[in-house]
Structures are given as C-alpha cells and as structure tokens.
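Worksheet: one structure, shown below.
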Amino acid sequence: MSGFSYPILPSGHLLAIEGLEPPHISALLDLAESYALLNRQGKTQRDLLKGRTLINLFFEDSTRTRTSFELAGKRLGADIVNMSVSTSSVNKGETLLDTAATLNAMHTDLLVIRHAQSGAPALLAQKVDAAVINAGDGTHEHPTQALLDALTIRRRKGRLENLIVAICGDVLHSRVARSNIHLLSAMGARVRVVGPPTLMPSECARLGVEVHHDMRAGLDGADVVMMLRLQRERMNSGLVPSPREFFRFYGLDAAKLAHAKPDAIVMHPGPMNRGVEIDSAVADDAARSVIGEQVEMGVAVRMAVLDVLARALRRNA
Ligand code: ASP
C-alpha cells in the first residue's frame, strides 16, 4: 500500500467514529477496498504486522467481530492472543485498569477491546502504550461496524452522499446505530431512524436524523434498509410488548420492504433474530440482502484499521 500524506487516525487509536473527518473516513474505506480485492484474490500481504502482538480482549460475546479481527491480524502477520473474560482474572475481581497494567507490561502493540461499559476503550487508551481499537462499548459506538457497513454500501451504490439510509428497530441500545449515524451523516447521506418511541434515544434530534415511528413512512424511497437486533439483554424493563408484536409493526418483511426503492439493499450487523426484526425470506434473499458481504467487508476494514495503526506504531518505534 502506498504512504499517506496525513495521519488517517490522528489519535493513534480507533475509539469512535464521532470526531473523524470525512477525508479520514474516505481514506480508510479506500484502503479497506484494496484489502477486499486482495482478499478475494487470496493475495494478502503477510509481513506488515510481523513481530507485532495483537490482543483481542472481549468482555462481551462476539462471533463476527472477534473472528474477523483475528483473521485480519493473521493475514497481516501479527501474533494474536485471544483473551476471553471467562478464563481471565477479571472473574477473580481484577479491575479494568489492573488488566490494562498487565497487558502493558507484556508490550502489547494492538489492543482490540469489547466491553459492556460505554467509554471503557477510551479509558484503557489512556493507560496503555498499545493502539486501542474499540470493538463495541456498551451502547456507545462500534466504529469498525460502521466502516464495514459504509464500505458495503459504497460498493453496492457507488457512493454514500445523498443516499437515504433507514436504520430500523432498537436504536436506543445500538452502538451500531450510533456509529453509523455519525459516519453516514458526515459523508453526506440522509439518515432516518425508524422504530417505536420506547426504543428511540433522546439524542436523535441533536444528531440531526429524521425520526419515524411508522415503518412504511420510514422506508419510503430508502436506498438502504439497515435492520438492528432487538437487544433484550440491555433492557431492564419491558420496552416492547412481545417479539411477535414487534415483528408485526417493525419486523422487515417483503410487504414493508416494498416501500423502499426497488433496488434498496438490506443490511443487518448480526446476530439476527429471525422472525423478530427480520423475516428469513428477506434476510436470505440474495437479490436484496448484503448481510454476507458485510461480514466479508468486516475482515477488509479491520485489516485497513490495523494497517493504519501499525504504521503509526512504526513511526513511534
Ligand atoms: N454485533 C453488533 C454489536 O456487537 C450488533 C448486535 O449485537 O446486535 O453491537
């Protein structure tokens, strides 16, 4: 990959999309696009992260994100350690800061963290020498998800600017929604959020998105329909009457999708609750659903992020 004339991630970490400038986002997407092509040809560079250690520190469950960071790191030649909390000293009462001090003493270069508390990766970034990547913190942000979503949209639609993107369902608990709102708005897309009033965060107005409580109106003329998982594990009280009722009003089926543009694409970050926020027939419709491509782009985006952060490490070495 060629060099860049400015630092793409000036902080040396990737903690959030909020605060990234459009040229940084575009540069990351361009680099990820080139990794997507190399991945398809089976020609990835294996030495960029040679001698670097990447620790995957997951305090919450994950399938796609953890695996794709592992694959991305391996494709670039890093040594990878997966730490899952069930087998770590966190279960013995160790604080996040003690864990940070331990990882620091081991000279970790790249630290990928997922945590149930919003702000945990930012706290860790202040305490460790490693480059920290937020792999999802509470209801705050999931920056690599938004980047992989943007890359998928850009590949399918050729641009982000002026597209109508409807983000639907449990917006309140979704870090995916927050990161996507920041990224897509910064890149000139027209973002709508669609869902029941009980699952809409109060900051929607501040974020400058259009709010809809009716799926048909929310999907009307949309280019992209992004469904979110109903996150029952983050709900303290009954914010939705029942999964069945939720599906009736907010689940994406062919009839509701018919209100979007005829060539609208359907996205979901996974894991999906089939029959709750999305009908299987829509999720598996190869003509509309880009859910598999999102997973593929996840590896490319994470390679791009590791690449950019490793270059910054090299400068400091
Ligand atoms: N996998 C995504 C996340 O970790 C979406 C979800 O869990 O619903 O935020």
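Just so you know, these numbers come straight off a predicted model, no measurement behind them. Just so you know, these numbers use all the heavy atoms, side chains as well, and skip hydrogens, waters and symmetry mates. Counting starts at 1 for both ligands and their atoms, following the listed order.
Note on ligand 1: Arg114 sits in its first shell, one or more heavy atoms being nearer than 4.0 Å. In this structure, Ala135 has no heavy atom closer than 4.0 Å to ligand 1. At a 4.0 Å cut-off, not a single heavy atom of Gly136 sits close enough to ligand 1 to count as contact.
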*Run the numbers on Glu141 and Ser179 for side chain to side chain donor-acceptor pair (under 3.5 Å), then give the verdict.*
CA-CA 5 Å; Glu141 282 225 30; Ser179 287; 2.6 Å; yes
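Using a cut-off of 4.0 Å between Lys/Arg side-chain N and Asp/Glu carboxylate O, Arg156 and Glu293 are scored as salt-bridged. Salt bridge present: Glu60 and Arg175 bring a charged side-chain N and a carboxylate O closer than 4.0 Å.
Residue His142 has at least one heavy-atom neighbour below 4.0 Å for each of these atoms of ligand 1: 3 (C), 4 (O), 9 (O). Using a 4.0 Å cut-off to heavy atoms of Val176, the atoms of ligand 1 that qualify are 2 (C), 5 (C), 9 (O).
The backbone N or O of Val299 lies less than 3.5 Å from no partner atom in the side chain of Ser68, so there is not a single donor-acceptor pair.
The shortest N or O to N or O distance between Gly270 and ligand 1 is below 3.5 Å.
His268 and Glu277 are linked by a side-chain donor-acceptor pair at a separation below 3.5 angstrom, with hydrogens and angles left out of the test. The closest side-chain donor-acceptor pair between Glu70 and Asn82 falls under 3.5 angstrom. Looking only at atom types and distance, the side chain of Asp149 has a donor-acceptor partner in the side chain of Gln294 under 3.5 Å away.
Contacts between Arg175 and ligand 1 below 4.0 angstrom, taking non-hydrogen atoms only, involve the side chain exclusively. At a heavy-atom cutoff of 4.0 Å, ligand 1 is contacted by no atom of Gln145, backbone or side chain. Contacts between Gln231 and ligand 1 below 4.0 angstrom, taking non-hydrogen atoms only, involve the side chain exclusively.
Between the choices His173, Arg229, Glu141, the shortest heavy-atom distance to atom 8 (O) of ligand 1 belongs to Arg229.
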